[in-house]
Structure formats: structure tokens, C-alpha cells
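Some notes on the structure that comes next.
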Amino acid sequence: MAREEAQLSAAKKSYRNAKATGNHEEEARWANVIGDMLKKRGEYVEALKWLRIDYDVSVKYLPQKHCLPTCQSLGELYLRLEFYKDALLYQKKHLELAEDANNLIEQQRANTQLGRTYHEMFLRSDDDHYSVQNAKKYFKSAMKLAQIIKENPPTKNCSFLKEYIDAHNNIGMLEFDLDNPEEARKILTKGLEICDEEEVMADDDGRSRLHHNLGNVYMELRMWDNAREHIEKDIMICKRIGHCQGEAKGYINLGELHYRIQKYEEALLCYQKARELAKSMEDEDALLRQIDQNIEIVNEAIKVMDGLKKEEQNLKKLTRDMAITRGTPRERKCLLQQNASLDCLIEKSRTIFAWLKLLEFAKRKKIIASELCDQEKLSDSLLVIGESYQKLRKFKKALKWYMKSWEIYKSIGNLEGQALTKINVGDVLDSDNNWEGALDAFEESYRLAVEANLPSVQLMALENMHYSHMIRFDNVEEARRLQLRIDKLKQSKYKDLQTENVAEDHCSESDTEGSGHLSDNMCNACGSSEIRKCNSSKSQSLPSLEDLNDEEPIISLISSTKASPKTVIGRKRVRLVLSDDEDGMYDEVQCSKSWSKKLPLEDVATSDELKSKRNTASPARKFQDVSAYTSNHITRSCNPVNIEQSSSSCKSRTLNVVTQNGRGFRASSSEEGSIAASGSKCDIGVPENLVNKNHGAHLIFLTSDDENNQCITVKIDKDLIHLDNGSFMDSEKLSIESVKVELACLYYLRLPMERRSEGLLPIIQNIKCGESVIQSVETFQKLKQDMGKVLVEAFIDGWVQKRLIKLYTDCCYKLSETPNMKLLKKLYDLEFSDDEVTVSECELQDLSIAPLLNALYAHKTFAMLDLSHNLLGNGTMEKLQHVLTSSGQNYGGLTLDLHSNLFGPTSLFQICECPLLFSRLEVLNISGNRLTDACASYLSTILENCKALCSLSIERCSITSRTIQKVSDALNASSVLEQLCIGHNNPISGSTIADLLSKLGTLKRFSKLNLNGLKLSKSVVDSLCQLAATLPFSVLSLGETGIGIDGALRLTESLFNGTAEFLKLDLSYCGVTSNYVLKLSTVSSMICGILELNLSGNPIMQEGSLALSSMLLNSQCCLKTLVLQKCQLGTAGVLRIMQALSGNGFLEELNLADNANLDRQNSAQPGSCNANTNLDGLEVADSEDDEVRAAASGLDDNHTRPCQRNSSSSGCQFIQGLSSAIDMAKNLRLLDLSNTGFSTQDADILYSSWSGSRFGSAQRHIKDQIIHLFVEGIKCCVKPCCRKD
């Protein structure tokens, strides 16, 4: 790690040197190198920043050929971030440039990357035929080019062997994802043969990828020894070459192999090893979570195995009883009990993929069914035998048993059974490469389903037919035609489908007889609640065995079953459609995007990757709509958590086991036993038949697929709205109001088009649980334990018109974009009108902002546009200029807040070229963008032409004295400028600042100046004092300027000897001490003139707290905001200041964070009543970017976990005193006590006092060491750059 940091620092230094000397070629090259280093460390967002610098410099200053590497890097990084459209944009540009330059090497790389992107898009899609075609095309082109270059290298030292081998790996994995494991095995094996022929070294990363993927393929083929051999080779190579991530994924693969063959202890050992490796890496939190989930699933499988063994003992007991009851009236009851026990064992075996056990139990069930003379049960048992052989990849035997089952279904006239069996037959034929026969079977299944009027089975058959035409026969037109039929069928009303699917005329009389005497663990739905959560209402209606007639004859009328499971092995792309609860509607349960997300790019290789293998972190699997079909009863939804979803074996198409009684089980022949590394979350989709009511109570209930990923589903009459629980439970700042806003936006998106055209969104008044109003998100966290049993109500209290939201969603629809929920919530904000567009922190980029810009184009007029904290570049500014020009509005003030984006200097050119802005632009904030000195002339033009400009912020823009001098020269006496922020730019000379101050003195309205982070010499301080005596400053920010106590005192005296009336003063990290506070507290003119004072990072110490408390008690003190973070006040100082507020009626906001450390005091003197507060005064290491902070270092930021204090300890005395002081400070609206070592219990006590004196409006943000107490209407976590003066 130290070596990597040294290399990164050296690269950054080289970049700065190249930039300083104007060597643009080296500047771009080093930016690319830094981006590549960060990419390899997994810091993708930071890497993107550097690669964008590389791209911007290359485009502006270098010949076109220099854009080749940067386009390649950006394309790869956007793919890692799963921004496929951006990835394709740069990858196609890369290919175009390579073709223009006739560069075969870059053409090969571009084709490889394009193939990877389309491959990923294909894995995420349901019917993306276009992507699979393109993936094949580009991968084949890449292999062809690699072979050409290998045979005819362009230079002597150019060996393209590695790329040629990787091309085999890529095509092999594509075949694997197209369900052609044998073809994949041949291609990957060919890759290894090439390695041997060309004498590639044993520890080559290309070999590692091939071994990794062959391990997956052999697991698919159930060739366990071969799979283990390749996986272990993969692990050893990764270990020897130091590829920690690859080694971890290898152990995950090995763990899965053990899991598939029910060696759970060995699997756990492998996962533990993978976890240790993942913990040793940076930014691998996702991989860690996925490994932990695999461990959890294996543990659950162990429980199921234990239950299976226990049930086997119960079956043995029943078998012994059978010998006794032969020929007696109790014989039938015993047979039924054995049948029920076998049903449970079959389900448990299926759950943990013990296919040999499944075969054993299915054959025993066949014998029992024969003795019961129940043809329905007999055909079901034959179906399970066929399933077992299919899972064991004995396709001929599977086909034989499926056909036997089909014949019995046909003999008893059960069309449903015939149709479902035909689907299984088709799947076996498909797996055996008989694609024509498979398609015929699917079509026959569809015909039978239509004849029997079974829409759910029709849907299954259509999905499989679609798959055959799209994947097997490459028949685009037929696939599209089938997709239209599928969509049409899905759009039909689910309640009607449920009603039509009821089949009363088939009922197996032996079904209701066997539910009475099962072993205790059998009642648990034959599986762990973690692996499969089912809540069936059917069992409530079944009589027990005690109610049956023991004398009933063995031979009974042959009839179909109500609830006996019919096993269906569905097609590959499978989703589950499960019946809803009481109302009989179907909910379509689809795989959430959140679980299909993976660490991309680990599937296929490019020429420049160290390691690229099948991602162990997430299976890209799709679920086909397989109806959990019920014959008579509408059962509760059963949402199986798919234990077999693999963290290593990534197949995009998996098989389903579907039972007729409404239970759906995954039983993939291709993925049997794979463990879900990213969690199989299920989204609940609903039809579009939304209600048109304006008011009323709406039910919200918690549903869950597993303990860790629950969702909140809002039921509005017959419609459901889904809220992802994970999307807000981890948020530190989200309030219940934010939940209401998200709910309102989701409700609006579900409205019919005619309703949305009005642009009316609901206002959620409150959410209740019973009679109690839910006031905080914490309440939802408490409800997580209820697992869907608790109902809460949400109430709509009116509607608000948001025309811009309507325009935005319409534009998203036209562009086929998904609306950005963060952006929608920002636009919904009831504090702002449609004329104030605030969309900061919405993860917007130049492409994703297009719908919003189109909406603004249609909206025409707006007075404020806040696009801060996004990833926007110059392309956005060009479009924005077009929007502003087209509005035709040449009067009315306009605020543009563009800070913290990726804008370059030429973005300001767009402002210069927009005449409408000359009369409208009042506020321009473009801080935090890399403008550089290239923006100097643009800023000068803006200041000269924009006559209404009253505020300009250009902090942290990498500008120097040259630009500041241009700004100074552009100012004249007629300027209406009131505010200028130029802080944190380096280097800016003292003479330049002095000239600027002189020019500002000529302005009539100027009153706000921000020089934060600029080093001010004595001469500059003198100039500032002179200016302070003449200008009526209202805001003066001098944080980190190092002016010291003398400069601060002289400046403060000048301010109040001059024209200043009410002032916001920032002297943070300036080196002032308690003497300054003492002076301030004794001069009445100063006390009554300062409204906000920031002294953070200054060594005020305990003695300064006396002066501060005296100042706060002074009746002339007008302070409304006081910031004392990291002032080394100690516990005594903190308490003293808080107690002074009981006599202060003005102060509203107080920040006392980082001033005490109760942990250290209690660990040093655990029994002392007066802990040594001097322990707080510890120095902090200076930041390399914030050298000024060295003058006034604060507390150590690395606080340990707070220890639990006894109620009688000294710490508790401090808590009690502080609690009393908080209760007395009734005027305070915001209090920050973060990083003071408070325990959770302490924080609760403090909040109790806070809320006691602020009934009904008290709020809190308490997480770890963050303690913010505030009142309604106050925002506690506002970035310093976003605070409005």
C-alpha cells in the first residue's frame, strides 16, 4: 500500500509539473496514468475525474490520435460503473479513431470493449436481441483482429498472443451465457492449448482467467473433479502473481463447488478465506457483503439438511408403522402420512440441490402413489424423477420419465399437467442441443394452455418460445412478435387471470388426507425461513387425518389434484409471478436490478487487464414469468430466496421449478447450487390500472425476501407502490418527510398518462401505524423485525401542481430514460416554486441531464438553476445556453449555481455568447470546477457585460494571480457587484490581492468578501483593514488565511470603527487564541455588531470559554450563529458555554463538535469525578492540501468507540449538567456535539432534554459520533460550499 501511495504521489507530482510547464501531452499522459492507478484500486469515481481531465486536455490541445488511449480508458471505466450508454459512446469513438488511424491493435481493443459492454447489457435484459447480436459481432471481430496481429505483428516486439488468448476467453464466456456449456468448454480449452503451444508462462493472468471460467463450466456440467482442478489452479496463479481479488473470487468458486455437493463445512472454510482476502483490499465492501451473504445462505442450507435428516428419521418410523398396519383399516392413513413426509423431503432436497436424494425420494413417492392408486400423485412423482435426472444431466432418462408423466396426465385429461410437462420436455431437449424439438414442445405446451384457458402457463410457454427464437435460431422478427404477445398477456388483469385459472373439476381426494401427522420440522414449508419464506393460507382449510374415515377403501376415484406439486423446469430467463393475498391479484415478482448488479468487467478479458474472470459477486440472471399457478385457492405469495444464485457461476438464463399449488422453487440445471452473492432481491411490479381517487387511507406493508433486504410496498386500493427499504435505511440524513416525498413521486409515476398530464402530485400528510403517527425513519427500522405483518397507513392531504415534473417525466419517456428519483424529489420540494430549479447532488451527467434540459426548454422561464455537485461538463453548458436563448426572456434576475462539477474554462464561453444573460445574470457560482487561468478572459467579459451581476464565486477553480488580476481590471465604479469569493486558489500574490482590494473599494454596493484559504501577508492585512474602515462589510470570510491574533484584532477593530453594522465573520484556522475572544467580549461595539462568528480550529482553550460565556451572557450580544469546532475547549469549556445560553435570547446555532473526548477521559480516570480536560488538546496531523491548518490544529479526529459508563461515573455528571443546560437553552435551533465520545445512551439523554423544551419540532441526526440536534425547518448537514450568505 505504501508503495502504491508513493507511485500515486509521484504521478501527481509529474502531472503538476507538466501542467505548470504547459506540456499538454505529458499532462494528458500523467492524468491517464493516475486514472489507471485509481481504477486498479477500485476508486472509480476519482479515476473518472482524472480520465476526464485527460480527455479534455487531449481534445483541446492534442492531435486526434492522442484521444485513443483516453477514449479506451473512459469506455472501460464507464462500463465498470455500469453507465452503458456512456461506455458505448466512448468505445465507439475509440473504434472510429482506431479505424481512422488504421491502428489494428486499438481496433482489436475497441472491439473487445464493445463486445464486453453489449455482453453486460445482454445479461441485464429480458429480450435484448440487439445486444447479443452485437456482443457476438464485436467479440468475433476482436478474435479475428487478434489472430491477424498475432500472425503479422506490426512491430518486432509486438506479440499479440495475450489478446488472442483473451479473445477465446471472451467468446467462451459468451457461449456459456448463451447456455452452451459444451461449446464454451471447447473454446476455453482451446485457449489453454494455445497457452501450452506458445509456451505461455505458468503464472500468466490469461491462464488464470481461463482456469477460472473453465471451473465454472465444469461445475455446470457437474464434472466436479475437473472443476476443482481448474479452480485450484486459478487460485494458485492469483496467489503467486499477487492478484488478491482474483484469489478471493477463486475461493468463492471453490466454496460454491463444495456447496453444490453438500460439503458445507468445506464451503464455509473457503468463504472465510475469501472474506479474509476481501478485507485486506480497499473498496471491496460490496464483495465482503456478498461473501457474508453466501456464508449466511450456507448456514441456512445446513439447517435445511438437518431438517432433512430429521424428517428421514420420521419417514423410517412411518415405514416401520406401515409393516404393522398392512391389511388393517389404518393402512391408508399410514400411506398418506408417508406421502406427505416424502413431499416434504422432496422439497427440502430441491431446496439444497441434493438431486440424488431428490431422485431417491421421488422413486419412493412413486411406489406410495401406486399403492394409493392415485394417478395424479403418480404422474407428479414421475415428473419429479424426470427433474432429478435432468439436474443430474442425464437427459435421455429425464425425457423418458417426463414422457411417462405426460402420458398419465393425458390419460386422465389433465391439460394443465400436459402443458407443464411439455415445457419440461422442451427444456431437456434444448439442453441436449435438440433445439427444433424443444421449440416444438414449447409450442405444443402453448396450444394446450390455450385450450385449457391457462394464461399463466401460456406465458411460460411464450417466454420459452421467445427464448428459442431469440437465442437458438436468431430469428429477430419472430422473437419480437412473441414479445408483443407476451407483453399483451402480461397487461391483462391479473385478477381475471386468477379467476380463469381456477379448475374445480380436478381434485385428488388423497391430497387433503395427508396433512395431519408430520414431524415437527415438516410444518416449516419444508425449508428454512431464510431460504424460502412462504405463508400459505391453504393449510388452514385442510382437515387433519383424525377427521378422515379410516375404513375408506384404497382404490378411489382418479382425479386431479388441488395442491400436489407439478414440477416445471422453465426456460432460462425466468421471473416468478406469484398470486397475491386476499384480493386474488397477481403480483409479478421480478429480479431487482439491485441484485443483478455486479462488479462488471470481471467476465471477459481485454488486452490491458490484469485479471478478468466470471464475476463471483453477482449472477446476471433473469427470471422468466412462471406463474405460481393455483387450481382452487388463492394462496399467499411465496417469495423464495434463491439459495442457488451463484456468486461465481454467472449464467444469464436459469431454470425454474414451478409447482401448481402456488409455490415456486428455483432448480436450475445450469445453476443448481449457485449462491447469490448480491442477494436475490425481488421487486414487486404492478399493473398500470391505477386508481383515480384523490384522498383516503392507503395501506403500506413491509414485505421481504430475506432478513437484510426488505421493501416497503404501498397498497393504494388495488395498486401497489414499491419503496426499496435499503435505499433509505442506510441514509444518515433522511427524514420521514423525505420518505413521504419519494412516495408521492412514485405514486405520480404510476398514474395513467391522462392523470399525469395535469402535473398534480399528492401531498402525503402523515403515515400511521395503528393510531400512532410515524415521526421518524427509525420507526421503520423497528418494523423490520415484523416481516410484513405490520400494516401502516399513509394519508393524502391534497395535491400540488408541479409542471416541471410533468415536463421532465414526459421527456424521459420520449428519450426512453428512467426518471431520476433524486431529481424528482428535488423538483417536488414544496419550499421551491417551478421557477426555482434545484437539482444538486443528483448524479447527473452530460447525457442523463438531457431530459431535464428538454423540460426546461419547454418550461421556458426560471429564475434559479442549481446544478451543483453533479458530474456535468462543457456539453451541458452548450445545451443550457440553447435553453436560455430559446426562452426569449431578457429581463428578470437569474441565479446560476454550477459549483462542484466538471466544467472547464470554455463553459464560460457559452455565458459570454448568450446576450440574454447580460441583463439577467445576477448570481454566478462556478466554484469547484477546474477553470484554470484559461478562463481569465471569459470572466473579464462576464464582469464587463453582465450589468446585473451582483455575486461571483470562483473558489477552488485552480486559478492564479493572472486570473485574479483580470477580474480586478474588469471591475469599475459602475459595477453592482456585492459579493466576490476567490478562496482556495493558488498561487495568488499579495500584490494582486492588494490591487483587487483597492478596486473593490471603488464599488458602491460591495459588502461580501471570501478569501478563505489564501495566505495573507502583513501588507495585505493592512490593505484589508483600510478597506474595512470604508466598506460596509456584511460578510467577511478569512478562514485559513493565517492572519494570526494581531491581524484579527486589528481587522475587527477596523470593521467596527468603520461602517460595519451587522457582520458575519469567519476567522477559522487563523491562529487566534483566547486573547482575541477576551478582547471581543469586552468591547460592546464589537459584541453588538457580529451576527455570525466562526472560530473553528483555533486554540481557544478552556480559558477562552470563560470569555465566550461572558460574551454570551452580555445583553448586548447579538450573535445568532457561533461555530467553535475543534477549539480545544474541553468538557468544562463545553459545559460552561452551554450553561451561559440560559441567559441568552439571541443565539440560534451553536457548533461545539470536536472539543471533548469522553472516551479518553474515562479511560484515563474511570472513577474520577473531575476528568482531566487537558487530554482534549491533542494535535492533528496537517493535511497536505490544507497547510494553513497547522497554525491552529484542533482535536484528534480518530475517536475510539465510546465506552459504556456506569450511571454513577464522572462522565455521567457531565452528561447530566449538559442535559440541564440544553433544556435551558430554549432559543437554540441547532446544536452540534459531534465527535465528543458520547455513547448512544448519552446521545439519547441529550436528545430527550432537547425535545423536552421543543415539543413537537425537535429533530435529531445521531449516527456513530455524529450528534446534531435541531428543530423542524433547519437543515443540519449542509456542505460549507452550499451555505447561503
Side-chain angles (χ1 to χ4, degrees), residues 42 173 176 205 208-220 224 226-239 241-281 283-302 352-353 595-604 610-621 642-651 654 668 670-680:
M173 289 320 297
F176 184 63
D205 59 294
S208 170
R209 283 188 287 275
L210 291 167
H211 284 304
H212 177 95
N213 292 326
L214 273 169
N216 289 330
V217 171
Y218 279 119
M219 269 198 287
E220 178 70 24
W224 308 121
N226 300 71
R228 179 163 189 158
E229 176 187 352
H230 286 286
I231 293 171
E232 289 178 345
K233 285 181 178 179
D234 169 39
I235 293 172
M236 292 308 299
I237 293 173
C238 289
K239 187 172 185 177
I241 66 177
H243 187 17
C244 193
Q245 186 189 61
E247 187 182 356
K249 292 179 179 181
Y251 274 110
I252 293 175
N253 257 13
L254 190 57
E256 183 189 357
L257 188 149
H258 288 305
Y259 168 76
R260 288 193 180 196
I261 56 179
Q262 290 81 51
K263 292 185 177 180
Y264 298 130
E265 294 303 323
E266 291 88 339
L268 288 174
L269 290 174
C270 291
Y271 286 132
Q272 290 295 348
K273 180 62 176 177
R275 195 178 191 283
E276 292 171 9
L277 291 165
K279 286 186 71 174
S280 69
M281 294 181 283
D283 296 336
E284 289 294 349
D285 294 340
L287 186 60
L288 270 172
R289 287 194 299 271
Q290 292 152 359
I291 294 170
D292 287 339
Q293 187 174 15
N294 284 3
I295 293 172
E296 184 178 346
I297 292 174
V298 172
N299 285 328
E300 290 298 329
I302 292 173
I352 58 173
F353 318 111
W595 70 260
S596 65
K597 287 191 183 292
K598 48 185 141 239
L599 302 172
L601 311 183
E602 296 300 334
D603 303 345
V604 286
L610 172 65
K611 181 74 178 173
S612 178
K613 52 175 64 181
R614 271 327 279 173
N615 185 330
T616 64
S618 58
R621 299 194 182 100
N642 300 320
I643 191 173
E644 80 276 18
Q645 291 173 15
S646 172
S647 64
S648 58
S649 175
C650 297
K651 283 203 69 177
T654 55
S668 168
S670 60
E671 302 275 54
E672 60 199 43
S674 334
I675 297 178
S678 54
S680 53

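Closest approach of Cys270 to His258, counting heavy atoms only: SG-CD2, 3.7 Å. Annotation for Ala274 and Tyr251: closest pair CB-CB, 3.9 Å, computed over non-hydrogen atoms. Between Ile352 and Gln262, the shortest heavy-atom contact is O-NE2, 3.0 Å. Here the closest non-hydrogen pair linking Tyr259 and Ala267 is N-CB, 3.9 Å. Annotation for Gly215 and Ile231: closest pair CA-CG1, 3.9 Å, computed over non-hydrogen atoms.
At a threshold of 4.5 Å between non-hydrogen side-chain atoms, the residues Arg260 and Glu256 count as touching. Phe176 has its side chain out of reach of Asn213: every pair of non-hydrogen atoms, C-beta onward, lies at least 4.5 Å apart. Here the side chains of Asp205 and Ile237 are not in contact, with every heavy-atom distance at 4.5 Å or above. Side-chain contact between Met219 and Trp224 is present, with at least one heavy-atom pair separated by less than 4.5 Å. With contacts defined as side-chain heavy-atom distances shorter than 4.5 Å, the pair Glu265/Ile302 qualifies.
In this structure, the separation between NZ on Lys233 and CG on Leu214 is 10.0 Å, given to the nearest 0.5 Å. From Arg275, atom CZ reaches atom CG of Asn294 across 12.0 Å, with rounding to the nearest 0.5 Å. Note that the CD atom of Glu232 and the CG atom of Leu257 stand 9.0 Å from one another [nearest 0.5 Å]. For the atom pair OH (Tyr271) and CD (Gln293), the distance works out to 10.5 Å, reported to the nearest 0.5 Å.
Residues satisfying the side chain to side chain donor-acceptor pair (under 3.5 Å) criterion with Gln272, sequence neighbours excluded, are absent altogether. Checked against side chain to side chain donor-acceptor pair (under 3.5 Å), Asn226 has no partners two or more places apart in sequence or in another chain. Residues satisfying the side chain to side chain donor-acceptor pair (under 3.5 Å) criterion with Glu276, sequence neighbours excluded, are absent altogether.
Remark: side-chain polar atoms of Gln245 are not paired, donor with acceptor, to backbone N or O of Leu277 under 3.5 angstrom.
Under the side chain to side chain donor-acceptor pair (under 3.5 Å) rule, Asp234 has a single partner from His212, His243, Lys249, which is His212.
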